[in-house]
Amino acid sequence: RKEVEQDPGPFNVPEGATVAFNCTYSNSASQSFFWYRQDCRKEPKLLMSVYSSGNEDGRFTAQLNRASQYISLLIRDSKLSDSATYLCVGYNKFYFGSGTKLNVKP
Amino acid sequence: DTEVTQTPKHLVMGMTNKKSLKCEQHMGHRAMYWYKQKAKKPPELMFVYSYEKLSINESVPSRFSPECPNSSLLNLHLHALQPEDSALYLCASSAPEATNEKLFFGSGTQLSVL
């Protein structure tokens with residue numbers, strides 16, 4: 001079931017860089033989305049909820065583009081600790097995208 | 001720290017064994033989930049319980065048998081597993097009546113089938 005699609009990456013960026021991931025969705029009725037972060041061998045943890053007005057939390061900004069049916073996650077001033085896999089979840093709240101791997105290098 | 005507790009953290013079993021995975025939450029959530037995750041893949045939904053009733057079964061083989069004895073507990077009974085069933089098994093819960101139905105995950109059980 002491919003409700004959401006993600007670029008698997010990996011995205012390799014230097015510390016301090018700004019990086020953005022997209023997640024495209026197929027169901028135009030979708031109202032809310034989520035970004036989860038998963039570290040290696042750990043459980044996913046909710047990073048941000050995404051609503052029509054977008055969401056910002058410190059260095060992280062999530063936005064929804066309804067016209068093009070995608071959500072984005074922007075990370076500013078990347079830290080080494082941001083290295084993880086970022087998973088999006090869409091309309092069917094139980095189904096994850098394939099995840100985007102981020103490697104932040106010193 | 002997670003508020004969803006899974007036991008055991010690690011499990012090694014033979015193909016003829018019967019074992020159970022346990023999951024507990026005390027957040028008053030009425031939806032609980034089992035996911036299976038293989039290395040380098042996203043979590044794959046197996047089962048959803050809503051108000052203690054099985055609402056989704058993603059065509060999971062019968063060697064996996066879920067059970068929800070009450071609103072706080074979720075079990076996954078395992079019998080006659082295959083080596084390809086080795087994976088991280090994640091339990092999650094959510095408040096289905098909430099408009100933003102965030103999932104809270106346990107730390108998982110790493111299962112190896114020999």
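Residue numbers begin at 1 in each chain, while the letters A, B, ... track the order of the sequences. Model, not experiment: these values are computed from the prediction.
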A.B. asks: Rounded at 0.5 Å granularity, tell me how far SG in A:Cys40 sits from NZ in B:Lys40.
C.D. replies: 7.5 Å
A.B. asks: Look up atom NZ in A:Lys42 and atom CG in B:Leu90, then write down how far apart they are to the nearest 0.5 Å.
C.D. replies: 12.0 Å
A.B. asks: Are B:Leu21 and B:Leu73 linked, directly or through other ILVMFWY residues, by side chains that come within less than 4.5 angstrom of each other?
C.D. replies: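 B:Leu21 and B:Leu73: separate clusters.
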A.B. asks: Please enumerate all residues that pass ring-ring contact (aromatic ring centres under 6.0 Å, His included) together with A:Phe21, with sequence neighbours excluded.
C.D. replies: A:Phe11, A:Tyr86
A.B. asks: Got a sec: does the CE of B:Met27 have more than 12 other heavy atoms crowding it under 6.0 Å?
C.D. replies: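 Above 12, so yes.
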A.B. asks: For the residue pair B:Tyr35 and A:Phe96, is the inter-centroid distance of their aromatic rings smaller than 6.0 Å?
C.D. replies: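 Yes, the ring of B:Tyr35 comes within the 6.0 Å limit of the ring of A:Phe96, centre to centre.
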A.B. asks: Please answer whether the main-chain N or O of B:Glu44 pairs with a side-chain N or O of A:Tyr95 as donor and acceptor at a distance below 3.5 Å.
C.D. replies: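 No, because the side chain of A:Tyr95 does not come within donor-acceptor range (under 3.5 Å) of the backbone of B:Glu44.
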A.B. asks: What's the spacing between A:Lys45 NZ and B:Leu103 CG if we round to 0.5 Å?
C.D. replies: 14.5 Å
A.B. asks: Are A:Val89 and B:Leu45 in one and the same hydrophobic cluster, where Ile, Leu, Val, Met, Phe, Trp and Tyr link if side-chain heavy atoms are under 4.5 Å apart?
C.D. replies: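 A:Val89 clusters together with B:Leu45.
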A.B. asks: Quick check: do A:Thr85 and B:Pro42 have side-chain heavy atoms less than 4.5 Å from each other?
C.D. replies: no
A.B. asks: Could you measure the distance from the CG atom of A:Leu46 to the CZ atom of B:Phe105? Nearest 0.5 Å is fine.
C.D. replies: 10.0 Å
A.B. asks: Report the residues that fulfil ring-ring contact (aromatic ring centres under 6.0 Å, His included) with B:Phe64, sequence neighbours left out, ordered by chain and then residue number.
C.D. replies: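 Scan of B:Phe64 (ring-ring contact (aromatic ring centres under 6.0 Å, His included), adjacent residues dropped) gives B:Tyr89.
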A.B. asks: In sequence, state the C-alpha distance, the side-chain angles, and the governing distance for A:Glu43 and B:Gln6, and then conclude on side-chain hydrogen bond (donor to acceptor under 3.5 Å, both in side chains).
C.D. replies: CA-CA 11 Å; A:Glu43 75 274 20; B:Gln6 286 188 245; over 6 Å; no
A.B. asks: Do you reckon B:Leu88 sits in the same ILVMFWY cluster as B:Leu114, going by side-chain contacts under 4.5 Å, direct or chained?
C.D. replies: no
A.B. asks: In terms of hydrophobic clustering (I, L, V, M, F, W, Y; side-chain heavy atoms under 4.5 Å; direct or indirect links), are A:Leu74 and A:Ile71 co-clustered?
C.D. replies: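 The answer is no; the residues belong to distinct hydrophobic clusters.
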A.B. asks: Between A:Gln6 and chain B, which part of the residue has a heavy atom less than 4.5 Å away: side chain, backbone, both or neither?
C.D. replies: neither
A.B. asks: Counting C-beta onward and ignoring hydrogens, is there a side-chain heavy-atom pair between A:Ser49 and B:Lys102 closer than 4.5 Å?
C.D. replies: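 Side chain of A:Ser49 against side chain of B:Lys102, heavy atoms only: contact under 4.5 Å found.
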